[in-house]
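Computed from heavy atoms alone, side chains included, the values below leave out hydrogens, waters and symmetry copies. To find a chain, count down the sequence lines: A is the first, B the second, and so on, and within it residues start at 1.
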There are 2 protein chains.
Amino acid sequence: MKLEVLLKGDHQTTQNQIIAKLRDLINLKNLEPGDKLPSERMLSEKFEVSRSNIREAIQLLEFYGLLKSKPQSGTFVADIGQVAMNGMIDDILALGDPDFRALVETRILFELKTVRLAAQRRSEADLESIKNALEAYKEKVLNCENAVQEDLLFHLAIAKASGNSTMNTFMLMITPKIITDFEKYHVCDKGQAQKGITEHQEIFEAIQKQDTQLAKEKMKIHFGALYQYCYNTKE
Amino acid sequence: MKLEVLLKGDHQTTQNQIIAKLRDLINLKNLEPGDKLPSERMLSEKFEVSRSNIREAIQLLEFYGLLKSKPQSGTFVADIGQVAMNGMIDDILALGDPDFRALVETRILFELKTVRLAAQRRSEADLESIKNALEAYKEKVLNCENAVQEDLLFHLAIAKASGNSTMNTFMLMITPKIITDFEKYHVCDKGQAQKGITEHQEIFEAIQKQDTQLAKEKMKIHFGALYQYCYNTKE
DNA sequence: TTTAAAAAATTGGTTAACCAATCTGGTCAG
DNA sequence: CTGACCAGATTGGTTAACCAATTTTTTAAA
């Protein structure tokens with residue numbers, strides 16, 4: 001009986017095996033930055049897996065910047081030495097699914113930074129779209145409807161206004177995972193709702209005034225409850 | 001003549017077009033969380049693109065947590081409402097390649113946090129692997145060899161010790177991109193090298209002592225030069 | 001009418017054949 | 001001897017056929 005299937009999906013397992021084999025191959029053949037990997041066909045034959053599996057593994061390593069495949073030419077190891085290559089692949093193989101605490105922790109770190117950057121760099125257009133998101137949020141809340149989505153979009157608008165595409169991307173990656181864990185949200189406590197609106201409003205105004213310190217403070221307050229909530233209920 | 005090809009690769013372009021069409025379809029058909037998308041075959045026919053293109057687009061949206069495809073069953077929209085779905089897809093389509101400033105900015109944010117978390121949570125095993133990375137780094141530097149890789153692995157070991165898998169993953173994503181932009185590193189200035197060793201050593205000791213504040217301070221010092229360097233030379 | 005079993009259709013995943021761009025080695029004109 | 005050029009092999013990417021699991025429909029027995 002396959003033991004490895006119990007925890008992770010079969011797919012992920014074979015994927016990781018291929019990645020490990022690729023690492024070993026790079027070590028064995030002493031491939032250095034810029035060198036060419038064997039062709040996908042050869043690899044699929046050598047590893048006894050389908051070519052699409054090979055392609056998928058290469059794509060993942062390419063996503064992490066460790067490989068670079070050029071059409072009709074070959075797949076090449078990036079400008080990263082063997083030591084780093086080994087270390088990084090080992091880390092990638094050891095990666096587990098992110099737990100909820102890690103997600104929230106990361107989100108708070110990001111939000112406290114992006115709100116400062118947004119206050120500092122926001123254009124008029126940024127301000128406009130944040131305001132729109134805020135209005136949409138208000139309307140939903142006042143109608144006592146579930147406003148999780150509008151809440152989310154408000155925060156993403158801030159991330160976009162931060163002018164840092166990397167943080168923006170990462171925010172996009174983690175937010176839906178958090179949201180889906182949070183659908184328990186829909187309680188229409190009038191006081192709580194009004195509090196949410198006020199906090200969002202204050203964050204917006206701080207960004208508008210370009211007061212970075214105030215923006216950070218207001219965001220901290222806004223997350224205070226969430227922070228407590230998560231650490232108390234989850235694990 | 002195709003204008004859109006000038007900036008981005010053809011591949012990325014068609015990919016984005018498919019994603020936009022998927023968004024429009026979800027809006028048109030009024031698909032709600034949990035609803036099933038048309039099959040890949042139908043989509044490829046309807047959009048007049050190959051099925052592999054469709055699959056790739058779906059995989060990307062799945063990566064961002066917006067879709068979920070079940071084998072032999074279908075692809076479903078995640079537990080995210082239409083408003084959020086639209087907003088997020090628009091953001092994803094607007095994503096550009098990260099610039100160097102954004103990368104460095106994000107890295108510094110991460111490192112200042114992970115070093116604190118590492119100081120707080122590191123196990124003995126974590127400490128051991130950080131120490132090993134430090135020793136490897138020292139040896140290379142003292143031999144006046146290029147130690148960029150060992151430098152990198154030291155920082156990744158700290159990220160791993162932070163106990164936050166999300167931040168660890170993100171660090172893995174951005175680090176190689178930074179490294180490749182930094183191969184200009186290989187100057188053997190004895191003073192500079194000794195400084196690097198000292199800084200790393202001090203960070204390690206702070207983590208060992210579990211002094212979170214000190215760890216953060218030492219990391220800040222370590223990045224001081226880099227920060228200046230990047231902002232002065234690049235754009 | 002109800003329900004359970006079975007068969008037909010549909011699905012995402014996998015495999016194999018195919019394509020056009022690229023690289024390689026040799027050839028031949030100068 | 002040099003360099004431009006051409007043919008064949010090699011490459012990642014694309015397309016189409018196939019598979020096994022799942023879902024839906026049909027059917028027949030209670």
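The listed nucleotides are C/dG12, D/dG13, C/dT22; the one nearest the side chain of A/P71 is D/dG13.
Within residues 26-34 of chain A, no residue has any heavy atom under 4.0 Å from DNA chain C. Residues of residues 47-57 of chain B having a heavy atom closer than 4.0 Å to DNA chain D, listed by number: B/S50, B/R51, B/S52.
Partners of A/T106 by side chain to side chain donor-acceptor pair (under 3.5 Å), not counting sequence neighbours, listed by chain and number: B/N164. B/K21 pairs by the salt bridge (Lys or Arg N to Asp or Glu O under 4.0 Å) definition with nothing, not counting sequence neighbours. Remark: B/E128 engages B/N132 in a side-chain contact (heavy atoms from CB on, under 4.5 Å) (not counting sequence neighbours). Contacts of B/E135 classified as salt bridge (Lys or Arg N to Asp or Glu O under 4.0 Å), with partners at least two apart in sequence or in another chain: B/K138. Residues passing the salt bridge (Lys or Arg N to Asp or Glu O under 4.0 Å) test with A/D126: none are found, sequence neighbours excluded. Applying the side chain to side chain donor-acceptor pair (under 3.5 Å) test to B/S73 and every residue at least two apart in sequence or in another chain returns nothing. The side chain to side chain donor-acceptor pair (under 3.5 Å) search around B/K113 returns none, not counting sequence neighbours. In terms of the side chain to side chain donor-acceptor pair (under 3.5 Å) criterion, residue partners of A/D90 (sequence neighbours excluded) are, by chain and number, A/R23. Partners of A/F76 according to the ring pair (Phe, Tyr, Trp, His ring centres under 6.0 Å) rule, which considers only residues two or more places apart in sequence or in another chain, do not exist here.
Put simply, CD on A/E40 is 14 Å from P on C/dT15, counting in whole angstrom units. If you measure from atom CG of B/L37 to atom P of C/dG12, you get 9 Å, rounded to the nearest angstrom. Rounded to whole Å, the distance from CG on A/L43 to P on D/dG13 is 13 Å. Taking atom CD of A/E45 as the reference point, atom P of D/dG12 lies 14 Å away to the nearest angstrom. Straight-line distance from the CZ atom of A/R41 to the P atom of C/dT15: 15 Å, rounded to whole Å. Between B/I18 atom CD1 and D/dT14 atom P the separation is 10 Å, expressed in whole Å.
Phosphate contact (OP1/OP2 of C/dT11, side-chain N/O of B/T75, threshold under 4.0 Å): absent.
Side-chain atoms of A/N168 and B/D91 form no donor-acceptor pair, as typed in the model, at a separation below 3.5 Å.
Aromatic ring centroids of B/F170 and A/F170 lie under 6.0 Å apart.
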Under 3.5 Å, which protein N or O atoms sit close to an N or O of nucleotides 7-10 of chain C? Give each pair with its distance.
none

